[in-house]
Undergrad: 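This structure is in structure tokens; I'll ask about it shortly.
Everything quoted here is computed from the prediction, not taken from an experiment.
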Amino acid sequence: MKKRFFPLLALVLTAAAVLFCALWQQARRDQRELLLLARSGAAEAETRFSDYRLRGEESDYWGGVAAWRVFQQAHDLLRSEDRLVLNEIYAALLLSPEQARPHLEALTEILAQFAGDPLDQNALLRLYDLRAALQN
């Protein structure tokens with residue numbers, strides 16, 4: 001019985017190791033795709049809000065809000081600890097645009113940082129400051 005047990009155990013462990021490696025590689029690919037999505041959402045929001053500040057067209061503002069939502073959802077999947085601050089800023093942009101618009105310059109600067117690195121801790125700290133300013 002021992003002669004059959006060890007080869008069978010080795011086969012099962014090998015299959016488990018191969019499965020683990022495949023799943024691990026898939027998770028790494030998924031994270032790279034989420035990083036790319038977060039970067040592109042941040043860059044698009046930055047562009048749209050900058051265009052709004054230059055031209056004042058409503059479609060640019062709402063396009064920026066939509067792009068913020070893309071960034072927010074991708075960032076949330078990458079780092080869920082920051083979900084609350086991202087949701088509160090989205091709510092301010094969506095529900096109180098007249099209060100949010102004066103803060104678009106600061107937001108575009110933060111988004112430029114996130115477009116480079118969606119997990120930038122300095123940009124995240126600036127978001128917390130922005131949230132406090134939006135709540136006043």
Undergrad: Determine yes or no for a side-chain-to-main-chain donor-acceptor pair under 3.5 angstrom, with Arg39 supplying the side chain and Gly116 the backbone.
TA: yes

Undergrad: Just so I know, are the side chains of Ser50 and Arg48 near enough to count as touching, which here means a heavy-atom distance under 4.5 Å?
TA: no

Undergrad: Carefully, step by step, assess Arg53 and Glu46 under the rule salt bridge (charged side-chain N to carboxylate O under 4.0 Å, His left out).
TA: CA-CA 11 Å; Arg53 288 178 48 235; Glu46 176 196 5; over 6 Å; no

Undergrad: Is Arg69 salt-bridged to Glu44, cutoff N-O under 4.0 Å?
TA: no

Undergrad: Other members of the hydrophobic cluster containing Val70, with the 4.5 Å side-chain heavy-atom rule, please.
TA: Leu37

Undergrad: Tell me, do Arg131 and Leu84 make a side-chain contact under 4.5 Å, heavy atoms counted?
TA: yes

Undergrad: Are Leu86 and His75 packed together at the side-chain level, in the sense that at least one heavy-atom pair is separated by less than 4.5 angstrom?
TA: yes

Undergrad: Ignoring hydrogens, what is the shortest heavy-atom contact between Ala123 and Asp120? Give both atom names and the distance.
TA: N-OD1, 3.2 Å

Undergrad: Taking atom CG of Leu78 and atom CG of Leu35, what is their separation to the nearest 0.5 Å?
TA: 5.0 Å

Undergrad: Do Leu94 and Leu127 sit in the same hydrophobic cluster, where Ile, Leu, Val, Met, Phe, Trp and Tyr count as joined when their side-chain heavy atoms come under 4.5 Å apart?
TA: yes

Undergrad: Which heavy atom in Ala115 sits nearest to a heavy atom in Ala42, and how many Å separate them?
TA: N-CB, 3.7 Å

Undergrad: Compare all side-chain heavy atoms of Thr47 with those of Leu111 and state whether any distance is below 4.5 angstrom.
TA: no

Undergrad: So do the side chains of Val65 and Phe49 get within less than 4.5 Å of each other, counting heavy atoms only?
TA: yes

Undergrad: For the residue pair Phe114 and Phe71, does the interplanar ring angle fall in the parallel (under 30°), tilted (30 to 60°) or perpendicular (over 60°) class?
TA: tilted

Undergrad: Do Glu33 and Leu36 come close enough that some side-chain heavy atom pair is under 4.5 Å?
TA: no

Undergrad: Within this structure, what is the CG-CG distance for the pair Leu125 and Leu130, rounded to the nearest 0.5 Å?
TA: 12.5 Å

Undergrad: Please say yes or no: joined through hydrophobic side-chain contacts below 4.5 Å, possibly via intermediate residues, are Leu107 and Tyr128 part of one cluster?
TA: yes

Undergrad: Quick one: list whatever passes side chain to side chain donor-acceptor pair (under 3.5 Å) with Glu109, sequence neighbours left out.
TA: Arg126

Undergrad: Return yes if some donor-acceptor pair links the side-chain N/O of Tyr52 with the main-chain N/O of Ser59 below 3.5 Å, else return no.
TA: no

Undergrad: Could you tell me whether the side chain of Ser80 and the main chain of Asp76 form a donor-acceptor pair under 3.5 Å?
TA: no

Undergrad: Is Arg79 close to Leu124 at the side-chain level, that is, under 4.5 Å between some pair of heavy atoms?
TA: yes

Undergrad: Hey, does the side chain of His103 reach the backbone of Leu134 with a donor-acceptor pair shorter than 3.5 angstrom?
TA: no

Undergrad: So, for Ala45 and Ala67, which heavy atoms are closest and what is the spacing to 0.1 Å?
TA: N-CB, 3.4 Å

Undergrad: Please step through side chain to side chain contact (heavy atoms under 4.5 Å, CB included) for the pair Leu93 and Tyr61, ending with a clear verdict.
TA: CA-CA 9 Å; Leu93 292 168; Tyr61 178 82; 3.7 Å; yes

Undergrad: Within a strict 4.5 Å, meaning less than it, do heavy atoms of the Glu88 and Gln135 side chains meet?
TA: yes

